[in-house]
Amino acid sequence: AIPLIFLLNAGCALAGPDGSGNNFFYKGPMSFSYLPPGKLLTEQALDYQSFNSRFTDNGAALHLNYNTTKYIYAPQLIYTFKFLGIENFSEIVIPFGKTFIASGPGHSSEGLDDPEAYYGIYAYYHAWKYFKVNILPQLSVTFPYGYWSSSSLVNMGRDEWQFQPAFTGAFGFKMPEYGMIAVNYAAGYSFNKGHSAINDSAVDNDGFSYTDPGNDFFCDIFLNYIRDRIDFYDESSYVRQGDNYGYFLDQSGNLTYGYINGGYQDFVDGLGVAYRYKKFLTFDARVLEDLHGDNAPDGSYGEFDAVYDFK
C-alpha cells in the first residue's frame, strides 16, 4: 500500500485572541496504510494556506479585504515497531515557515510552527484475496512552542495545547484488472487548551478575550481510486467546535469569565493525486477549498510532499 501522509495545519493564519489558529483539519497520518513493524519513513511536506478572514477577540469570523498567506515546510519522521506483541505507530513533526499579509497592511512572521507528535496502535489488520482492512486508533499532541506574539497580526504558532484522540483506519476492495477502491477515515475529538491568563488588550479594545477555546469534533474521509502506481482521491473534512469561554467586561464594568459564543463549523473538500515513483519514494499533491462554514473563515489550501521509505 502507498503511505499517503496527511499534514494540513489549516488553522486561521491570523492569530485568534488566545493565539490559537483552531485546527480546521485532522492533522494525522493518511491514508492509514498498514505499515509493518520496523518501518522508518520520512515525509518532506510543503504546505500553502490562504485566508481572507480571521477570528476576532469575541470568537467571530471577520471577513477582510485582503488575503493572509501561510507557507510551511514540515519535515516528519515516522517509525513503526513491535512492543509486548503490539504493533505501534509513532510520528514526530517539526514544522516551520512564514506567514504574511499578501495585500493591505504590511505584516509578516516567520519561525517555528507548533510541533506535533502521534502515537497509535494497529488494533486490527487483515488482507483477504480482494479485501483489505486496517484499524489504527491513535492520540496526537500539539505543543505550543511555535512562534506567537500577542501583538502580532500574523503568527506561525497557535500558543495552544491540543490533545486529539482519534479512531482511524482504511479499507479497500481490489477489482481484478481495474485497480482498487479504498476509503480512509479519521474521526475524533480535539481538546484545545488555551491561555490561563487574561489578554487585557483584547478586553479593553474589543470587549472579549476568549482564553478557553471550544473543543472540536472532526471527521476526515478519503475516497481513493488506485491503479498501478497512481492514486487519485477526493478528500472531505468536517469540523464542529464547541463553546468558547473567556473574559469580558459585564454591564457593571467588572471583569467576568463566562460564555462568549458557540464556536464554528466548517466543511472542506478537495482533490489529490499520489504517484509512487519507486518502491521507496512516493510523491503526493492536493488542493482543497472551504465549501461551507458557520462562523468560519474562507480558505484555500494546497500541499506537495515526498515520502521516502528507508527500509
Taking salt bridge (Lys or Arg N to Asp or Glu O under 4.0 Å) as the definition, give me every residue that meets it alongside Lys193, ordered by chain and number, with sequence neighbours left out.
none

Given Asp231 and Val273, is the side chain to side chain contact (heavy atoms under 4.5 Å, CB included) satisfied, shown in steps?
CA-CA 6 Å; Asp231 179 358; Val273 60; over 6 Å; no

Please identify which of these residues, Lys278, Lys39, Lys279, meets the side chain to side chain donor-acceptor pair (under 3.5 Å) condition with Asp309.
Lys39

Donor-acceptor side-chain pairing of Glu116 and Tyr118 below 3.5 angstrom:
yes

With a 4.5 Å limit on heavy-atom distance, are the side chains of Asp113 and Phe96 in contact?
no

Look at the side chain of Asp290 and the backbone N and O of Gly299, then say whether any donor-acceptor pair between them is shorter than 3.5 Å.
yes

Side-chain contact, heavy-atom cut-off 4.5 Å: Ser236 with Tyr238?
no

I'd like to know if the side chain of Ser90 reaches the main chain of Tyr79, judged simply by a donor and an acceptor atom lying under 3.5 Å from each other, with no hydrogens or angles considered.
yes

Evaluate the side-chain proximity of Trp161 to Phe143: yes if any heavy-atom separation is below 4.5 Å, no if none is.
yes

Tyr122 side chain to Leu35 backbone, donor-acceptor under 3.5 Å:
yes

Are there more than 12 heavy atoms of other residues, nucleotides or ligands under 6.0 Å from atom OH of Tyr130?
no

In terms of heavy-atom contacts, Tyr71 and Thr69 come closest through CE1-CG2, 3.6 Å

Below 4.5 Å, heavy atoms only, C-beta onward: do Asp243 and Asn261 meet side chain to side chain?
no

Run the ring pair (Phe, Tyr, Trp, His ring centres under 6.0 Å) test on Tyr247 and Tyr257 for me, step by step, so that the C-alpha distance in whole Å, both residues' side-chain angles and the decisive distance to 0.1 Å come before the verdict.
CA-CA 4 Å; Tyr247 294 91; Tyr257 178 87; 5.1 Å; yes

Provide the closest heavy-atom pair for Ala45 versus Gln76 in the form atom of the first, atom of the second, distance.
CB-NE2, 3.8 Å

Glu87/Tyr34 under side-chain hydrogen bond (donor to acceptor under 3.5 Å, both in side chains): CA gap, chis, key distance, verdict
CA-CA 10 Å; Glu87 298 182 10; Tyr34 173 71; 2.6 Å; yes

Residues Asn192 and Ser190: side-chain donor-acceptor under 3.5 angstrom:
yes

Using distance alone, with no hydrogens and no angle criterion, decide if Ser237 and Glu235 have a side-chain donor and acceptor under 3.5 Å apart.
no

Between Gly157 and Asp114, what is the shortest heavy-atom contact and its length?
CA-OD1, 3.6 Å

Test item: Tyr264 and Asp216 side chains (from C-beta on) under 4.5 Å apart, heavy atoms:
yes

